[in-house]
2 protein chains.
Amino acid sequence: MASRKKPEPATAGQGALAFASHDHAGCRGDVLARVATLSPGAGIRLTPVRRRTLEILLESHRAMGAYEVLDRLAAEGFGSQPPVAYRALDYLVEHGLAHRIRRLNAFAACMNPGDDHSPVFFICKGCNGLAEAPARPVRAAVEAAAGAIGFSVERMTVETLGLCPGCQGQGA
Amino acid sequence: MASRKKPEPATAGQGALAFASHDHAGCRGDVLARVATLSPGAGIRLTPVRRRTLEILLESHRAMGAYEVLDRLAAEGFGSQPPVAYRALDYLVEHGLAHRIRRLNAFAACMNPGDDHSPVFFICKGCNGLAEAPARPVRAAVEAAAGAIGFSVERMTVETLGLCPGCQGQGA
DNA sequence: TATCATATGTTATAGCATAACAGGTCAAGC
DNA sequence: GCTTGACCTGTTATGCTATAACATATGATA
Ligand SMILES: [Zn+2]
Ligand SMILES: [Zn+2]
Ligand SMILES: [Zn+2]
Ligand SMILES: [Zn+2]
């Protein structure tokens with residue numbers, strides 16, 4: 001049975017929904033709502049460009065290149081030069097509202113803002129979908145390896161490339 | 001004096017040595033020797049450019065940008081255009097003799113060729129040093145997270161930024 | 001020898017990212 | 001009110017990273 005009620009609006013953050021067809025409007029709405037509750041307290045200032053940039057990233061479970069975002073912003077009357085997009089994106093990343101996906105030289109909205117940060121990313125090479133999942137056990141394993149050589153970890157990037165459930169078994 | 005005996009030529013591969021001062025000539029030699037034993041069997045063809053590229057990467061426990069490698073190659077009489085470096089580097093990466101460090105847009109020699117691949121990388125932001133360590137437990141944790149959403153992992157990137165033992169406690 | 005695969009080199013271009021500067025807004029303090 | 005300073009947005013210009021497309025060489029195969 002489907003659940004009649006959503007006790008956990010954060011489900012999308014676990015990555016389960018990203019690759020399944022789902023009520024993405026609600027998905028996006030949940031994130032924006034969570035951001036709204038964070039904004040004042042955490043010293044986050046969502047100006048028009050930043051908010052719009054976040055909304056653009058939230059349109060799909062994909063990562064977007066900075067220039068792709070820039071095109072969208074420019075088309076909507078914002079600045080048309082690279083720094084406009086990079087500044088907004090960098091701000092979102094620094095404040096935990098977006099992530100940089102290094103393998104793709106691209107950015108994606110954080111699906112779980114405020115929570116467990118330094119997630120693991122799953123990039124589907126079939127459909128370009130992107131899912132984000134909490135990485136606490138991964139982080140622990142990394143810390144163990146770091147401890148063995150006396151290294152102190154500040155930031156961690158974990159990205160995987162593979163096939164989502166939908167793209168498995170269909171050749172490509 | 002050189003070490004009298006090396007019971008574990010693979011020690012460097014565990015990352016323990018990378019940040020410590022050590023007999024790096026031996027370190028590099030070990031890797032090259034291991035590569036030599038792999039080359040014929042694994043269908044690896046180390047042409048002059050490729051070999052030289054690998055040697056350049058092996059000069060230090062750092063990652064090098066493609067253009068930095070290119071400058072070196074050009075100065076030694078090889079081609080002077082980007083594809084020369086990129087092709088050699090890509091070949092080394094594809095054959096497990098080097099790694100791409102995405103956070104740095106750079107490349108590093110693999111310190112453990114032939115063994116456990118998809119290691120975890122430790123990047124020291126103090127000295128730019130780079131260490132590579134086996135990532136089996138990390139991989140397991142990632143696979144667990146992937147399994148939970150039905151994602152099938154093909155390649156994994158784990159990079160951390162932090163401070164090596166030598167750079168900790170000295171402000172920078 | 002003719003053919004094919006592989007490797008190396010070139011020119012040109014695409015894609016990603018930042019430095020440096022200019023003007024605008026707004027609140028705090030005089 | 002006016003000034004100051006913090007911050008945001010926009011610009012131009014440039015730098016760094018990476019690949020496409022084409023030309024030539026070499027060596028193994030048939
Ligand atoms: Zn969604
Ligand atoms: Zn997919
Ligand atoms: Zn060494
Ligand atoms: Zn260091």
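Quick note on labels: first sequence line is chain A, next is B, and so on, each numbered from 1. Just so it is clear, the structure is predicted and the values come from calculations on it, not from any experiment.
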Given [options], identify the nucleotide with an atom nearest to the side chain of [X].
X: B:N105; options: C:dG9, D:dA18, D:dG10; value: D:dA18
X: A:Y86; options: C:dT10, D:dA18, C:dA17; value: C:dA17
X: A:R87; options: D:dG10, C:dG9, C:dC16; value: D:dG10

Tell me the interatomic distance from [X], atom [atom1], to [N], atom [atom2], rounded to whole angstroms.
X: B:H95; N: C:dA7; atom1: NE2; atom2: P; answer: 8 Å
X: A:D71; N: C:dA14; atom1: CG; atom2: C1'; answer: 14 Å
X: B:R100; N: D:dT17; atom1: CZ; atom2: P; answer: 11 Å
X: B:L89; N: D:dT19; atom1: CG; atom2: P; answer: 11 Å
X: B:R103; N: D:dC16; atom1: CZ; atom2: C1'; answer: 18 Å
X: B:E68; N: D:dT17; atom1: CD; atom2: P; answer: 9 Å
X: A:L73; N: D:dT11; atom1: CG; atom2: C1'; answer: 16 Å
X: A:L46; N: D:dC8; atom1: CG; atom2: C1'; answer: 13 Å

Worksheet item: At under 4.0 Å between heavy atoms, what does B:R102 touch on the DNA or RNA strands: base, sugar-phosphate, or nothing?
Response: nothing
Discussion item. Does A:R50 reach a base, just sugar-phosphate, or nothing at all? Heavy atoms under 4.0 Å.
Written reply: sugar-phosphate
Worksheet item: If only side-chain N and O atoms of A:S80 are considered, is one of them under 4.0 Å from the OP1 or OP2 phosphate oxygen of D:dG10?
Response: no
Discussion item. Side-chain N or O of B:T47 versus OP1/OP2 of C:dT8: is the shortest distance under 4.0 Å?
Written reply: yes
Item to complete: Using modelled atom types only, decide if a donor and an acceptor are shared between the side chain of B:R52 and the backbone of B:L73 within a distance under 3.5 Å.
Response: no
Worksheet item: Taking for each residue the nucleotide of DNA chain C bearing the nearest heavy atom, is the 5' side occupied by B:Y91 or by A:A66?
Response: B:Y91
Worksheet, complete the sentence: Walking DNA chain C from its 5' end, the first of A:Q81 and B:V49 to be reached, judged by nearest nucleotide, is B:V49
Practice prompt. Please tell me which of A:R45 and B:G65 maps to the more 5' nucleotide of DNA chain D, matching each residue to the nucleotide holding its nearest heavy atom.
Written response: A:R45
Worksheet item: Do B:F78 and the base of C:dT8 stack face to face, with centres under 5.5 Å apart and an angle between planes under 30°?
Response: no
Discussion item. With a 4.0 Å cut-off on N to O distance, would you call B:R72 and B:E76 a salt bridge?
Written reply: yes
Fill in: Any N/O donor-acceptor pair, B:Y67 side-chain to D:dA18 base, under 3.5 Å
yes
Fill in: Check: A:R34/A:N112 side-chain N/O donor and acceptor closer than 3.5 Å
yes
Worksheet item: So, A:T157 versus B:R103: side-chain donor-acceptor pair below 3.5 Å or not?
Response: yes
Worksheet item: Between A:F151 and B:F19, what is the ring plane arrangement, given parallel below 30°, perpendicular above 60°, and tilted in between?
Response: parallel
